Student: 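Dropping a structure here in structure tokens format, bear with me for questions.
For the numbers below, each heavy atom of this structure counts, side chains included, while hydrogens, waters and symmetry mates do not. Keep in mind that this is a model prediction, so the values were computed, not measured.
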Amino acid sequence: MEGARNEAGEVYSAARGGFVRPEGEMPMAPPAAPRDGDVNARGEVWSSFSGGYVDRRTYDADQASRAWLADKAERDRVDMQRPDADIAELQRTIAATRREGAALATFFDARRELGDALHQQRLRELMDGPMEAGRGQLFDDLERRLDAMGTRRDYREGLEGDAAPRRRDRRADAGRLPADL
């Protein structure tokens, strides 16, 4: 039917083979796309979360879901950063353990060297002849202290121990002869 109009306002033209815009008329602008929260004539609310018009209760549920998802995304982001902090703490612990291990290795190397030197000195003393009782007790005491060092976490405590004589005040000993000390 020549000249018939459709809903869009276009006119049918047999020469053109379909509906066309009438000459001289400007095309109609499409209606603006609804935005989140827009209300239509039936009282429905546009929800971009649902992608269409929904009743008010569904729109409110959509908004609550959107807020929950935003909170969850933030919690997930924070949780993803937490392993970095945990890994950093583990790396600090590993580094401290390595430093402590190196210190202990140095300590045990020094302990072994002292033990070897003490043993060599004792052998030299024995080669020179029988040892005085006081010198033998000194070697025994030093060996006990070296052995005790290996069983204590704090090697200084093992070195000084309960059996170790207390250090004297040098000022109090200033007037004495070495034999008196």
Student: How many angstroms lie between OG in Ser50 and CZ in Arg66, if you round to the nearest 0.5 Å?
Tutor: 9.0 Å
Student: Tell me, which pairs form a salt bridge (charged side-chain N to carboxylate O under 4.0 Å, His left out) where one or both residues lie in residues 44-53, sequence neighbours left out?
Tutor: Arg42-Glu44
Student: Output all residues satisfying side-chain contact (heavy atoms from CB on, under 4.5 Å) with Thr93, sequence neighbours left out; order by chain, then residue number.
Tutor: Glu89, Thr97
Student: Ion pair present between Asp60 and Arg57, side-chain N to carboxylate O less than 4.0 angstrom?
Tutor: no
Student: Using a 4.5 Å cut-off between side-chain heavy atoms of Ile, Leu, Val, Met, Phe, Trp and Tyr, which other residues end up in the same hydrophobic cluster as Val45?
Tutor: Val39, Val54, Tyr59
Student: For Val20 versus Ser13, what's the shortest heavy-atom pair and its separation?
Tutor: CG2-CB, 4.1 Å
Student: The criterion is salt bridge (Lys or Arg N to Asp or Glu O under 4.0 Å); which residues satisfy it with Arg56, sequence neighbours excluded?
Tutor: none
Student: Please check: side-chain N/O of Asp38 versus main-chain N/O of Trp46, any donor-acceptor pairing under 3.5 Å?
Tutor: no
Student: Over all heavy atoms of both residues, which pair between Ser47 and Asp62 is shortest? Give the atoms and the distance, please.
Tutor: OG-OD2, 2.7 Å
Student: If you group Ile, Leu, Val, Met, Phe, Trp and Tyr whenever their side-chain heavy atoms sit less than 4.5 Å apart, what else falls in with Leu69?
Tutor: Phe49, Trp68
Student: Can you establish whether the number of heavy atoms outside Arg35 located under 6.0 Å from its atom CZ is more than 12?
Tutor: no
Student: Can you list the residues that meet the side chain to side chain donor-acceptor pair (under 3.5 Å) rule with Asn6, with sequence neighbours excluded?
Tutor: Glu10
Student: How far does CG of Asp76 sit from CG of Asp71, to the nearest 0.5 angstrom?
Tutor: 11.0 Å
